[in-house]
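Some notes on the structure that comes next.
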There are 2 protein chains.
Amino acid sequence: MRPSISALILNGKQLAADVLKTIPSQVQGQKLFLAVVLVGNNPSSLIYVSNKMKTANRLGIETMLFHFEEDASLEDLLSEIETLNADPAVTGILVQLPLPQSINPRELLDMVDPLKDVDGLHPFNMGMLYEGDENSALIPCTPQGCIHLIESSGVSIEGKKALVMGRSLIVGKPLSLMLSSRGATVTLAHSKTRDLQKEIESAQILISAIGNPGLIKGDWIQEGAVVIDVGISKLDSGQLKGDVEFETAKERAFAITPVPGGVGPMTVAYLMKNILKANKLQQMSER
Amino acid sequence: MRPSISALILNGKQLAADVLKTIPSQVQGQKLFLAVVLVGNNPSSLIYVSNKMKTANRLGIETMLFHFEEDASLEDLLSEIETLNADPAVTGILVQLPLPQSINPRELLDMVDPLKDVDGLHPFNMGMLYEGDENSALIPCTPQGCIHLIESSGVSIEGKKALVMGRSLIVGKPLSLMLSSRGATVTLAHSKTRDLQKEIESAQILISAIGNPGLIKGDWIQEGAVVIDVGISKLDSGQLKGDVEFETAKERAFAITPVPGGVGPMTVAYLMKNILKANKLQQMSER
């Protein structure tokens, strides 16, 4: 066994940079275009959207922000999405979540052309992921980033006991399917889970996507586990904090992501990969 | 705690009869029609198909068997499915699985009109189930039967620790989603799972859909668990046997399904319910 040294820190910033480095050569000669639909002025959303667009531009992917007022009508939003669907110059369409309460996100997400659905939230793409056909589908970015982070630790997923906390369509559910496809025995936990500590103690791979800062105590982590912290919450002090007590957890984990600088940058990197994949799937469907 | 008495036996035959009793009054006045596509002469498939058709007929639902030779071409099968899709007299289309090895089941299943897909295996229906929208989707019959059996025991699913063994699209995956939607903490186990006994020992609700007779020893069952045995294997002696050692398991479980007479009849009953639901969804989509 490993002596009691601190965990391998899974540097998402560096890994994401490595992923992004491979992109310009794949873009070259092609006109790729990401359309971002943003409704309202959620401060976090503004930052996320700006990050995504800047990263795309830096790689030679064009972007445009379709920024609607908080009280935009569903009709106006749907009509914009139809225009973007029909425009052959548009490679990817991203509807930034969350949407204002008055809008049912499904009404928009279901309308995005599945081949331009770079967030992987159209039923067609979710259905393919559920079937286990990852190659033909556009898959949510964050779970792809999580898998990459786990694999970068050198730990094999097959046969491991994995715990995914949070059953959202953007992280928890797709990630649990992807881990299961790769041979992990996956438990999906959520707000109704009773003995969370016990579940965490038995997990060799732990992914938390709850958004409750410090919920997971360091001494609950199984010795030698791989810990991926998708949660990111802003404390009153302004500090960003994950779901896991990082300082104590890293004394027990084999590998752990920091917050920030772990999952976040990987999500953006996989968005870029999804734009390339969307382009490829569109070319294949035209044949 | 309950004294050491034998488990409640979840009588699927009786429960299925109760479900079926409610159907003729819902059928009345409507012409419902189930088309069954069978390829080859797998003896179990012949029995299953005959059971399904007899049950439907008894309830006033018309049926027709489209029986193809083992070496039928994909083109012929697809053309039959297209004809059935286009025929407004056809309410439900069931492609009996397994298909011969030469045919990729997805090529057929993806072609069935989602509104006639009474086995719930079209990507559109699977996507809706994955999203958590059970009302608008046609859902595989066996998982629906399993949920009904669990609920019939009086045990509430919410907050329970459930283990689903087997990750098929027809049982394990949909059932794990349905249990999760109902608030269980679900673990999905499969052939790569390492310490199966330990997983079983911690399960308050156990569903096995492996097809390995007697794989699960009675003394692995948690005291007071609800045990649903989807496995059904024919021994050399001709006897039908489930995945769970029934005689010993029933001394520990709170409730358990027998094999046969447990899940099997419920699957047929929910097929009938799916035909009614398909009819309703078709009427709604016509409006």
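Predicted model, so just to flag it, every value in this text is computed and none were measured. Chain naming here is simple, since letters A, B, ... match the order of the sequence lines and numbering starts at 1 in each.
- With values rounded to the nearest 0.5 angstrom, A:Leu77 atom CG is found 4.5 Å from A:Ile103 atom CD1.
- B:Ala209 is linked by a side chain to side chain contact (heavy atoms under 4.5 Å, CB included) to B:Val171, B:Val230, counting only residues two or more places apart in sequence or in another chain.
- For B:Leu177, the part lying near chain A is the side chain, with the backbone staying farther off; criterion is any non-hydrogen pair under 4.5 Å.
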Show, in sequence, the C-alpha distance, side-chain angles and deciding distance for A:Ile221 and A:Val227, and conclude whether the side-chain contact (heavy atoms from CB on, under 4.5 Å) test is met. CA-CA 8 Å; A:Ile221 304 291; A:Val227 179; 3.8 Å; yes
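- B:Ile210 CD1 to B:Leu196 CG: the interatomic distance, rounded to the nearest 0.5 Å, is 7.0 Å.
- Ranked by non-hydrogen atom pairs under 4.5 Å with chain B, the options A:Ala189, A:Gly132, A:Gly159 are led by A:Gly159.
- Between atom CD1 of residue B:Ile200 and atom CD1 of residue B:Ile216 there is a gap of 4.5 Å, rounded to the nearest 0.5 Å.
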Run the side-chain contact (heavy atoms from CB on, under 4.5 Å) check on B:Met165 and B:Leu215 step by step: do they pass? CA-CA 11 Å; B:Met165 293 170 57; B:Leu215 169 72; 4.0 Å; yes
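- Checking each of B:Val164, B:Leu163, B:Ile205 against B:Val186 for a side chain to side chain contact (heavy atoms under 4.5 Å, CB included) leaves exactly one that passes, namely B:Val164.
- There is no contact between B:Ala162 and chain A, counting heavy-atom distances below 4.5 Å.
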Would you mind checking chain A against chain B for donor-acceptor pairs under 3.5 Å and listing them?
{"unit_1": "A:Arg106", "atom_1": "NE", "unit_2": "B:Glu131", "atom_2": "OE1", "d": "2.9"}
{"unit_1": "A:Tyr130", "atom_1": "O", "unit_2": "B:Lys173", "atom_2": "NZ", "d": "2.5"}
{"unit_1": "A:Glu131", "atom_1": "OE1", "unit_2": "B:Arg106", "atom_2": "NE", "d": "2.9"}
{"unit_1": "A:Glu158", "atom_1": "O", "unit_2": "B:Arg194", "atom_2": "NH2", "d": "3.2"}
{"unit_1": "A:Lys161", "atom_1": "NZ", "unit_2": "B:Glu199", "atom_2": "OE1", "d": "3.2"}
{"unit_1": "A:Lys161", "atom_1": "NZ", "unit_2": "B:Glu199", "atom_2": "OE2", "d": "2.8"}
{"unit_1": "A:Arg167", "atom_1": "NH1", "unit_2": "B:Ser180", "atom_2": "O", "d": "2.5"}
{"unit_1": "A:Lys173", "atom_1": "NZ", "unit_2": "B:Tyr130", "atom_2": "O", "d": "2.5"}
{"unit_1": "A:Ser180", "atom_1": "O", "unit_2": "B:Arg167", "atom_2": "NH1", "d": "2.5"}
{"unit_1": "A:Ala184", "atom_1": "O", "unit_2": "B:His190", "atom_2": "NE2", "d": "2.7"}
{"unit_1": "A:Thr185", "atom_1": "OG1", "unit_2": "B:Thr193", "atom_2": "OG1", "d": "2.7"}
{"unit_1": "A:Val186", "atom_1": "O", "unit_2": "B:Leu188", "atom_2": "N", "d": "2.9"}
{"unit_1": "A:Thr187", "atom_1": "OG1", "unit_2": "B:Thr187", "atom_2": "OG1", "d": "2.4"}
{"unit_1": "A:Leu188", "atom_1": "N", "unit_2": "B:Val186", "atom_2": "O", "d": "2.9"}
{"unit_1": "A:His190", "atom_1": "NE2", "unit_2": "B:Ala184", "atom_2": "O", "d": "2.7"}
{"unit_1": "A:Thr193", "atom_1": "OG1", "unit_2": "B:Thr185", "atom_2": "OG1", "d": "2.7"}
{"unit_1": "A:Arg194", "atom_1": "NH2", "unit_2": "B:Glu158", "atom_2": "O", "d": "3.2"}
{"unit_1": "A:Glu199", "atom_1": "OE1", "unit_2": "B:Lys161", "atom_2": "NZ", "d": "3.2"}
{"unit_1": "A:Glu199", "atom_1": "OE2", "unit_2": "B:Lys161", "atom_2": "NZ", "d": "2.8"}

